[in-house]
Amino acid sequence: MSGTSRPAKSLPQKYFVSPDLFASEQEKIFSKQWLLVGHQSQIPVAGDYIVQDVNRESIIVTRDKDEEIRAFYNVCRHRGTRLKEHRAGEASSCGHASTIQCPYHAWTYGLDGRLIGAPHMDEVPGFDKAEYPLHPVNIGIWEGFIFVNLVPKRDGSLSEENASTDRGGDRSLEEWFAPLAGKFSHWNMSILQPARRIEYDVRANWKLMFENYSECYHCPGVHPQLQKVSPYDSAENDLHEGPFLGGFMKINQGKSLTMSGNACAAFVGKIENLQQVFYYTIFPNMLLSLHPEYVMVHQLWPQSPERTLIVCDWLFHPEAFERKDFNPSDAIEFWDMTNKQDWHVCDLSQQGIASRAYQPGPYSSRESIPAAWDKFYLRVMDAQK
């Protein structure tokens with residue numbers, strides 16, 4: 001043996017095209033891990049709610065009268081009717097209501113999930129409204145972002161097996177995100193406010209977006225505008241393994257990642273280095289981009305082996321909205337253009353991977369993070385056997 005290790009290779013074809021493997025991912029990953037569903041700024045006051053599809057389930061996330069954020073299955077306890085309708089073709093929808101009422105037989109629930117009204121059920125012997133609250137969903141808040149998981153609620157104790165770092169759903173959100181405690185405090189993410197949301201329907205497997213996001217090896221050819229402002233070979237990674245991966249890239253002196261090249265808003269906080277942008281993947285459905293004056297976040301929602309819905313939000317400091325020079329579209333247009341460039345090459349990748357000629361290829365020295373992501377993904381899939 002020469003002692004030289006062979007380079008890591010991309011995943012075999014089945015991981016991108018197999019319906020059976022896609023179904024296995026939904027069960028082993030998206031039914032068991034913490035999933036990003038939004039930001040608390042989307043439901044600022046009591047009665048605001050989000051309806052989100054999560055692994056073939058519809059979930060209601062609401063802020064109750066005590067300002068607590070809760071999550072419930074969107075299922076009436078009477079006959080199972082969908083309580084809040086979801087707009088077709090969108091990843092999620094929002095609204096406001098003082099109660100949650102079933103459109104079928106008018107069973108009515110408080111924002112805390114209690115059944116508070118059930119017409120004529122007082123005529124049924126032994127019926128007790130307290131026995132029929134909405135079914136809750138595990139929920140947690142990290143840096144202002146709302147996460148849910150579909151693991152059934154338990155007593156909170158963790159066995160040694162359940163404490164594995166591969167199994168986020170068995171851990172509280174605080175435990176899951178413990179490795180990132182305080183890492184992003186300068187960005188004040190919990191108080192940021194949304195300026196725009198764009199949804200993308202991409203004809204590619206969800207893993208291709210993670211792999212694409214995790215390297216800039218492709219940037220010179222795919223992103224000429226980005227390359228002019230942020231050199232593709234300037235990346236330095238500080239999270240190298242596990243569910244959290246990424247690092248920073250340099251921004252040219254005095255420039256910003258906007259169409260104009262200039263800062264478009266007040267800085268989100270006391271950022272130490274204004275010439276850096278940070279990119280992190282948070283397994284399994286969050287891409288986090290931290291700029292000096294805004295934060296961009298992607299949610300990924302796999303629909304099939306060859307289709308993914310992506311929700312992209314741009315968040316700014318509340319004070320930025322009050323300034324005359326606030327120009328969020330400068331950043332939004334830049335990244336909408338860059339996103340579409342990425343989704344196009346992901347589409348092309350999906351097409352090529354589906355070919356009988358495809359074989360896994362070696363990762364370059366600038367693709368260590370995609371290789372690490374693949375490794376963690378396979379570990380999670382294997383751990384759930």
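In this chain, numbering begins with 1 at the start of the sequence shown.
Between the Ser230 side chain and the Lys250 main chain, a donor and an acceptor come within less than 3.5 Å of each other. A donor-acceptor pair is defined here as one N or O able to donate and one able to accept, closer than 3.5 Å; such a pair exists between the side chain of Asn205 and the backbone of Pro305. The main-chain N or O of Met189 is found under 3.5 Å from a side-chain atom of His39 such that the two form a donor-acceptor pair. A distance-only check finds a donor-acceptor pair linking the side chain of Asn252 to the backbone of Lys228 [under 3.5 Å]. A distance-only check finds a donor-acceptor pair linking the side chain of Gln350 to the backbone of Phe16 [under 3.5 Å]. No side-chain donor-acceptor contact under 3.5 Å links Thr99 to the backbone of Gln101. Under a 3.5 Å cut-off, the side chain of Ser329 and the backbone N or O of Ile332 do not form any donor-acceptor pair. Between the side chain of Asn74 and the backbone N or O of Leu83, at least one donor-acceptor pair lies under 3.5 Å. No side-chain donor-acceptor contact under 3.5 Å links Arg203 to the backbone of Asp347.
For Glu25, the salt bridge (charged side-chain N to carboxylate O under 4.0 Å, His left out) test picks out Lys207, with sequence neighbours left out. Remark: Arg70 pairs with Asp64, Glu68 by the salt bridge (charged side-chain N to carboxylate O under 4.0 Å, His left out) rule, at least two apart or across chains.
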Passes side chain to side chain contact (heavy atoms under 4.5 Å, CB included), Val124 versus Asp122? Steps please.
CA-CA 5 Å; Val124 177; Asp122 56 349; over 6 Å; no
What's the verdict on side chain to side chain contact (heavy atoms under 4.5 Å, CB included) for Ile69 and Ile139, showing C-alpha distance, side-chain angles and the deciding distance?
CA-CA 8 Å; Ile69 296 177; Ile139 190 166; 3.6 Å; yes
Apply ring pair (Phe, Tyr, Trp, His ring centres under 6.0 Å) to residues Phe321 and Phe326 and explain how you reach the verdict.
CA-CA 6 Å; Phe321 292 82; Phe326 182 46; 4.8 Å; yes
Hey, mind stepping through Arg77 and Glu131 against salt bridge (Lys or Arg N to Asp or Glu O under 4.0 Å) and telling me if it holds?
CA-CA 10 Å; Arg77 293 298 307 276; Glu131 296 178 359; over 6 Å; no
Take Leu378 and Leu11 through the test side chain to side chain contact (heavy atoms under 4.5 Å, CB included) and record every step on the way to the result.
CA-CA 9 Å; Leu378 291 172; Leu11 294 170; 3.8 Å; yes
May I have the step-by-step check of side chain to side chain contact (heavy atoms under 4.5 Å, CB included) for Ile353 and Tyr15, ending in yes or no?
CA-CA 10 Å; Ile353 289 170; Tyr15 289 99; over 6 Å; no
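Between Trp373 and Phe283, the ring planes are tilted. Angles from 30° to 60° get that label. Between Trp107 and His78, the angle of the ring planes stays under 30°, which puts this pair in the parallel group of the 30/60° scheme. Below 30°, between 30° and 60°, or above 60°: for Phe278 and Tyr280 the angle between ring planes is below 30°, a parallel geometry. Classification of the Phe210-Trp206 ring pair by plane angle, with boundaries at 30° and 60°, yields perpendicular.
Atom CD of Glu123 has more than 12 heavy atoms from other residues, nucleotides or ligands within 6.0 Å. The local environment of NE2 in His344 is sparse, with at most 12 non-hydrogen atoms from other residues, nucleotides or ligands closer than 6.0 Å. No more than 12 heavy-atom neighbours from other residues, nucleotides or ligands sit within 6.0 angstrom of CD on Gln359. Annotation for Gln351: atom CD counts as buried by contact number, over 12 foreign heavy atoms lying within 6.0 Å. Residue Tyr104 places its OH atom among 12 or fewer non-hydrogen atoms of other residues, nucleotides or ligands, all under 6.0 Å distant.
Residue Val277 is grouped with residue Met337 when hydrophobic side chains (ILVMFWY) are merged at heavy-atom distances under 4.5 angstrom, including chains of intermediate members. Residues Ile100 and Leu115 share a hydrophobic cluster, clusters being chains of Ile/Leu/Val/Met/Phe/Trp/Tyr side chains in contact below 4.5 Å. Under the 4.5 Å side-chain heavy-atom criterion for ILVMFWY residues, no single connected hydrophobic cluster contains both Val151 and Phe72. Under a hydrophobic clustering in which Ile, Leu, Val, Met, Phe, Trp and Tyr are joined whenever their side-chain heavy atoms come within less than 4.5 Å, directly or via other members, Met296 and Ile191 fall into different clusters.
Donor-acceptor pairing under 3.5 Å is recorded for the side chains of Ser172 and Glu175. Side chains of Asp374 and Tyr363: a donor-acceptor N/O pair is present below 3.5 angstrom, by distance only. For the residue pair Glu211/Ser214, the side-chain donor-acceptor check at 3.5 Å is not satisfied. Side-chain polar atoms of Ser190 and Asn188 form no donor-acceptor pair below 3.5 angstrom. Judged purely by distance below 3.5 Å, without hydrogens or angles, the side chains of Ser349 and Tyr358 never pair a donor atom with an acceptor atom. Side chains of Ser260 and Asp330: a donor on one and an acceptor on the other come within 3.5 Å. Using modelled atom types, one finds a donor on one side chain and an acceptor on the other under 3.5 Å when comparing Tyr200 with Asp336. Side-chain atoms of Gln299 and Trp301 form a donor-acceptor pair, as typed in the model, at a separation below 3.5 Å. Of the N and O atoms on the side chains of His218 and Asp342, at least one donor lies less than 3.5 Å from an acceptor on the other residue. Counted by atom type alone, Gln225 and Gln341 present one or more donor-acceptor pairs between their side chains at under 3.5 Å.
Of all heavy-atom pairs between Leu192 and Ser41, the closest is O-CB, 3.6 Å.
Aromatic ring centroids of His291 and Trp314 lie 6.0 Å or more apart. Checked against the 6.0 Å centroid criterion, the rings of Phe147 and Phe177 qualify as a close aromatic pair.
With salt bridges taken as basic N to acidic carboxylate O contacts below 4.0 Å, one links Asp238 and Lys183. By the 4.0 Å N-to-carboxylate-O rule, Asp313 lies close enough to Arg197 to be salt-bridged with it. Contact check on Asp112 versus Lys65 returns no salt bridge, with no Lys/Arg side-chain nitrogen under 4.0 Å from an Asp/Glu carboxylate oxygen.
Residue Val222 shares its hydrophobic cluster (ILVMFWY side chains chained together at separations under 4.5 Å) with Val345.
Here the side chains of Tyr49 and Val61 are not in contact, with every heavy-atom distance at 4.5 Å or above.
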